[in-house]
There are 2 protein chains.
Amino acid sequence: MSVAHTEVTHEATPAAHLGPCGEDDCGIRDVLDRLGDKWTVLVVVELSKGTRRFRELQRAIPGISQRMLTVTTRRLTRDGLISRTQYPTIPPQVDYDLTVIGRSLAGAVFALSDWSREHKDAIATARADWDAQNDGI
Amino acid sequence: MSVAHTEVTHEATPAAHLGPCGEDDCGIRDVLDRLGDKWTVLVVVELSKGTRRFRELQRAIPGISQRMLTVTTRRLTRDGLISRTQYPTIPPQVDYDLTVIGRSLAGAVFALSDWSREHKDAIATARADWDAQNDGI
DNA sequence: CCGTATCCGAGATGATACTG
DNA sequence: CAGTATCATCTCGGATACGG
């Protein structure tokens, strides 16, 4: 669903760190289109603990529907972030696992997770203050 | 600034990092609820370059509507991630800036951005392969 | 067990017009 | 300039039922 702005006539520079980021792609949009949905990150995190079967994932991630687990795993598989191994047994068995590239993503995700835990309280406080100031409205 | 991509050592690392993550809060959901929308990250990235006025932000982020910029900046302000300074001039002027905590978030975001640039090609390839295999569908 | 298919409601977003 | 208000649209995701 990426941002649909047409084109920016700025010459695309390699951009060390902060290139024309707001202007066009700093790539960040790509990642968030991938991680921004409700379940992807949880699947990645769960798989970072080891191989999981379909059912195991569903049990490990309370609230996810069968449909969304299918959709999420398929998207991740398509992007090469997780591997899907199907055994033609009866009943069927499918194993999911992070790929190498998927594990590197998990690393970046954990960095964000750390950030969240670190600042959760500060944010809650700021939010409470803000709400206190604008309550009567 | 880059929060090093801490390689996830698979099963070797038990729950040092990951609490009952799939269950409910590993905190990661909080961050993604905040960053997952279409514009928040772009605003944060733009503000990481310095102070910006409302209009400047809008020009720097092509495609964002006035409404969504208002909504996005207000949310970030509420969470204490950016500061809003209003000058009672005519015409009005409002400056936005990252707070300290907002800048630390920008750091984590850049880590993700790095990851994206690093693996963009690999993902595109994987996706093309997958699409090739499942073309007729 | 592992998916697919269909329907449908909620929330996010865009377009547009108006205000201080 | 910096919003606010309103309405139309569109995608995501949940519920449910069926299939291999």
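Side chains included, hydrogens not; waters and symmetry mates left out as well; all remaining heavy atoms used. Order of the sequence lines sets the chain letters (A, B, ...), proteins ahead of strands, with each chain counted from 1.
A:Tyr96 has no side-chain polar atom (N or O) that falls below the 4.0 Å cut-off from OP1 or OP2 of C:dC1.
Residues A:Ser83 and A:Tyr96 fail the side-chain proximity criterion, which asks for heavy atoms closer than 4.5 Å. Residues A:Asp97 and A:Ile82 have side chains not in contact (no heavy-atom distance under 4.5 Å, counting atoms from C-beta outward). Residues A:Phe54 and A:Gln93 fail the side-chain proximity criterion, which asks for heavy atoms closer than 4.5 Å. Side chains of B:Val71 and B:Asp37 form no contact here, defined as non-hydrogen atoms less than 4.5 Å apart. Contact annotation: the side chain of B:Ser48 approaches that of B:Leu98 to within less than 4.5 Å [non-hydrogen atoms, C-beta and beyond]. For the pair A:Trp39 and A:Ile61, the minimum side-chain heavy-atom distance is below 4.5 Å.
Residues A:Ile101 and A:Val45 fall within the same hydrophobic cluster, defined by Ile, Leu, Val, Met, Phe, Trp and Tyr side chains chained together at heavy-atom separations under 4.5 Å.
As rounded to whole Å, 13 Å separates atom P of C:dT16 from atom CD of B:Gln66. Rounded to an integer number of Å, the gap from CG of B:Asn134 to C1' of C:dT4 is 14 Å. In this structure, CG of B:Leu57 is placed 10 Å from P of D:dG3, rounded to the nearest angstrom. With rounding to whole Å, A:Leu69 atom CG is found 16 Å from D:dC12 atom C1'. B:Glu56 has its CD atom 11 Å from the C1' atom of D:dC1, to the nearest Å. Atom CG in A:Asp33 sits roughly 13 Å away from atom P in D:dT11 (whole-Å rounding). In this structure, B:Asp95 places its CG atom 12 Å from C1' of D:dC1, rounding to the nearest Å. Atom CD1 in A:Ile90 sits about 12 Å away from atom P in C:dC2, given to the nearest Å.
Within residues 80-89 of chain B, no residue has any heavy atom under 4.0 Å from DNA chain C.
Between C:dT4, C:dC2, D:dG3, one nucleotide has an atom nearer to the side chain of A:Thr70 than all others, and that is C:dT4. Considering only side-chain atoms of A:Pro92, the nucleotide from C:dC2, D:dC1, D:dG3 that sits closest is C:dC2. Nearest nucleotide to the side chain of B:Arg74, out of D:dT4, D:dC1, C:dC1: D:dT4.
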Under-3.5 Å N/O pairs linking protein and nucleotides 7-13 of chain C:
| unit_1 | atom_1 | unit_2 | atom_2 | d |
| --- | --- | --- | --- | --- |
| C:dT13 | OP1 | B:Lys38 | N | 3.0 |

Using a 3.5 Å cut-off and no angle test, enumerate the donor-acceptor pairs between side-chain atoms of residues 74-81 of chain A and protein atoms at least two apart in sequence or in another chain.
| unit_1 | atom_1 | unit_2 | atom_2 | d |
| --- | --- | --- | --- | --- |
| A:Thr77 | OG1 | A:Thr73 | O | 2.7 |
| A:Arg78 | NH1 | B:Asp131 | OD1 | 2.6 |
| A:Arg78 | NH1 | B:Asp131 | OD2 | 2.7 |
| A:Asp79 | OD1 | B:Arg127 | NE | 2.8 |
| A:Asp79 | OD1 | B:Arg127 | NH2 | 3.0 |
| A:Asp79 | OD2 | A:Arg34 | NE | 2.7 |
| A:Asp79 | OD2 | B:Arg127 | NH2 | 3.1 |

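In this structure, the side chain of B:Ser116 does not engage the main chain of B:Leu112 through any donor-acceptor pair within 3.5 Å.
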